[in-house]
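Notes follow the structure.
Predicted model only: the values in this text are computed from it and were never measured.
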2 protein chains.
Amino acid sequence: MNQSVRQYRVISSTAPQCAAQAGATTRACLSDLLRLMDADAETGPASDSCPVLMRPLRAGTALFHEHGQIDAIHFVSMGSFKIYRTAEDGYEQVLGFARRGEVLGYDAVCLGQHPTAAVALEDARVFAISVRELFALLQRVPALDRLLHLAVSRQLTRAAEIADLMAAVAAEVRLARFLVLQSEQMKACGQSPVRLLLRMGRRDIASHLGVAHETVSRSFSVLADWGWLHVNNREVEILDLAQLKTFARSTRRSIDDIGVRAKASSAPAELLPRSNARELSWVAGRQGFGFDGAVTSGGICIDHPRPGATATKHSHAA
Amino acid sequence: MNQSVRQYRVISSTAPQCAAQAGATTRACLSDLLRLMDADAETGPASDSCPVLMRPLRAGTALFHEHGQIDAIHFVSMGSFKIYRTAEDGYEQVLGFARRGEVLGYDAVCLGQHPTAAVALEDARVFAISVRELFALLQRVPALDRLLHLAVSRQLTRAAEIADLMAAVAAEVRLARFLVLQSEQMKACGQSPVRLLLRMGRRDIASHLGVAHETVSRSFSVLADWGWLHVNNREVEILDLAQLKTFARSTRRSIDDIGVRAKASSAPAELLPRSNARELSWVAGRQGFGFDGAVTSGGICIDHPRPGATATKHSHAA
DNA sequence: CGCTTGCTTGAGAAATGTCAAGTCGTGTGG
DNA sequence: CCACACGACTTGACATTTCTCAAGCAAGCG
């Protein structure tokens, strides 16, 4: 564990270096790549004489820089990456974290240069396919084309995750969602879904969630106080994944309930005022449609606000 | 303009209907699709005997529903769409708005079902390619494959836009960013970049920005008071695009300056305390790297925070 | 003509940001 | 080897923004 912390120190203290310098780029086999991407599709004929490279990266080194010219698209084989963007004034927006199986740099294909930067959070390894030869290769190896389409499609679903993390919920919920996502990704990688070793710092998490890093700290403490998890710096053990997931699903409206239950069961009822509901656009359904006036105040609405539901509206150390 | 409002009423009051019901699906030509996507690549041989359909949609009808099975991927030819996700409790998260040239439903390819829903904000038209035949078609028509890759790559860059909109900035800035994006998209479609007709309601915008709809209203008023724009319900005229863009770029730290200038020039100096800086993860770069102690405080750092840069730290109506 | 809906605005409450202090672990340098 | 400095993380107190609730206005539609 000490080691992991040391790794991070290295990370944050290094100005990302160019990937090319980082390690020996070795020639790899296309079928390895196909296997990596859970492709049960057979590799096809031309699989072994293909321009697929393998790049090892040390922790803290950049795979590519913002505005850097695109030379290849990458597939993470090992390790994890932070994807981010830096504003003119230095504000760093973390867009996500990538793991084994994910595509990196594909968003640069349409631009010719990278709109984002990627830096390894730990020692890592990626497959690289030169964009020069990309389209030709895709034609030669249909399996790769299919694989790439599927991978990118999956990547697109991540966009919604970003929105989920940052939009319209209390800070603790954002953190819970983040942890649940991490947990699921760990599981997908065959590791324990409850013992997380977060490779990124609080600031990175904060940026990703769209809150202040102090708020992240506080949220960790709150979730720990409620008994959902055990936090020791970057080691996080999820003690009650089920409830964490339930909590993560809550919109501001529903926090009260869950929170209260939580509080009752494990904490001495001191925290949690909670009662919000940022944005919503409730599935209207209420209003009569110009047409078939019958449903004018019908019950199509999914779940009503229950104004003043929680009873303990203001537990506030009462 | 009245008309547009009427259209919207239909939208919000309608439970989205299945696209199939909405209009006659007509057979279309693949080369039309290729032309739509700014492909100067020639269409190739098999272009005209291809399973490309054209679907017209009336305002308010859904192109596909959340969790609905994927049958095709779509390319917007005309009109605009709202992409959203609905939580269990009815909370509707708007993920984005799509226009001419954008791909819809591609994120479902890897899942077999749609993780999001899409509904037309106005009368619209899309090209549809059945997923059944998709991969075969991509092999037969390399130009289409290339085009799809490029389009999806562009779509991926949208993920960063979502983050930009929702993360770590004051509400007025989020709105400004949103408007700038809208403006740019209008321009890309060949329309006026300063006269916007927002097809979506305040709630949708609010959800997209991650704030309460009242806050959106107030932010509109603020930007209008500052003289950046003229707002009349869903008609927005941008009066000073340059300054709006500058403002949109600001992080919380820099709002003071711009806000002050704005205030001084057009408003009677009453609003705007402002002084934040949510999350940041400043590119550290300062601390020495364990190895090669030379760079201990070197200048590898990309762009230093300029601590206390803005001078007018707390202009506060002074 | 009244209803509904969307939009705006106000006032008070709550959440989060900001500033600041303190702890701890690590790496540096004496 | 130890002292020191630096950075990450946590926590507290206060300031500020945003949310929530509530009311009012305007417009479209039945």
Side-chain angles (χ1 to χ4, degrees), chain A residues 1-3 5-6 8-13 168-172 174 200-206 209-221 224 231-234 252-253 255 272-281 284 286-291 293 296-297 305 307-308 313-314 316, chain B residues 1-3 5-10 12-13 168-172 174 200-206 210-222 224 231-234 252-253 255 272-282 284 286-291 293 296-297 313-314 316:
Chain A
M1 284 105 203
N2 282 346
Q3 195 181 3
V5 175
R6 264 173 70 216
Y8 184 80
R9 305 217 89 206
V10 175
I11 294 163
S12 60
S13 59
V169 276
E172 295 94 1
R174 298 190 200 197
M200 68 298 290
R202 295 287 190 268
R203 303 182 90 87
D204 289 336
I205 298 175
L209 303 184
V211 297
H213 75 273
E214 293 97 331
T215 303
V216 173
S217 259
R218 281 185 250 270
S219 298
F220 264 117
S221 302
V231 182
N232 181 12
N233 215 309
R234 285 173 179 165
R252 286 185 118 110
R253 271 192 219 285
I255 293 178
L272 270 276
R274 255 81 242 296
S275 83
N276 266 10
R278 274 212 198 183
E279 199 30 48
L280 9 72
S281 314
R286 263 213 288 161
Q287 161 193 18
F289 185 18
F291 165 108
T296 305
S297 69
K313 183 65 173 291
H314 217 180
H316 196 53
Chain B
M1 286 102 202
N2 282 345
Q3 194 181 2
V5 176
R6 263 174 69 216
Q7 284 182 343
Y8 184 81
R9 306 215 87 206
V10 174
S12 60
S13 60
V169 276
E172 296 93 4
R174 301 189 198 197
M200 68 297 290
R202 295 288 190 265
R203 303 184 88 87
D204 289 335
I205 298 175
V211 297
H213 75 273
E214 293 98 329
T215 303
V216 173
S217 260
R218 280 186 251 269
S219 298
F220 264 118
S221 302
V222 170
V231 181
N232 181 11
N233 214 310
R234 286 174 178 164
R252 286 184 118 110
R253 271 192 218 287
I255 293 179
L272 269 278
R274 254 83 239 295
S275 82
N276 268 8
R278 275 209 196 185
E279 198 32 46
L280 8 78
S281 316
W282 294 99
R286 267 213 281 166
Q287 167 190 12
F289 186 19
F291 167 106
T296 306
S297 68
K313 186 64 176 293
H314 217 179
H316 197 55

May I have the distance from B:Asn232 (atom CG) to D:dA26 (atom P), rounded to whole angstrom? 13 Å

Grab the two heavy atoms, one from A:Leu209 and one from A:Arg174, that are nearest each other, plus how far apart they are. O-NH1, 2.7 Å

Nucleotide D:dC19, atom P - distance to CZ of B:Arg203 in whole Å: 13 Å

Whole-Å distance separating the CZ atom of A:Arg202 from the P atom of C:dT23: 19 Å

A:Arg202 and A:Val231 have their tightest heavy-atom pair at NH2-CG1, 3.8 Å

Which nucleotide wins on minimum distance to the side chain of B:Arg234, given the candidates D:dC19, C:dC7, D:dT18? C:dC7

For residues A:Thr215 and A:Ala171, report the shortest heavy-atom separation together with the two atoms involved. CG2-CB, 3.5 Å

Taking all atoms of both residues into account, what is the closest heavy-atom pair of A:Ser219 and A:Glu172, and its distance? OG-N, 3.8 Å

Nearest-Å distance for atom pair CG/C1', residues A:Leu209 and C:dT16: 14 Å

Would you compute the distance between atom CZ of A:Arg203 and atom CD of A:Glu214 and round it to the nearest 0.5 angstrom? 7.5 Å

I'd like a list of close polar pairs between nucleotides 9-12 of chain C and the protein, N/O only, cut-off under 3.5 Å.
unit_1: C:dT9; atom_1: OP2; unit_2: B:Ser221; atom_2: OG; d: 2.3
unit_1: C:dG10; atom_1: N7; unit_2: B:Arg218; atom_2: NH1; d: 2.8
unit_1: C:dG10; atom_1: O6; unit_2: B:Arg218; atom_2: NH2; d: 3.2

If I compare all heavy atoms of A:Gly201 with all of A:Arg234, which pair ends up nearest, and what's the gap? CA-NH2, 3.0 Å

Quickly work out the B:Phe220 CZ to C:dG6 P distance and round it to whole Å. 16 Å

Could you give the CG-to-C1' distance, from B:Asn233 to C:dT8, as a whole number of Å? 10 Å

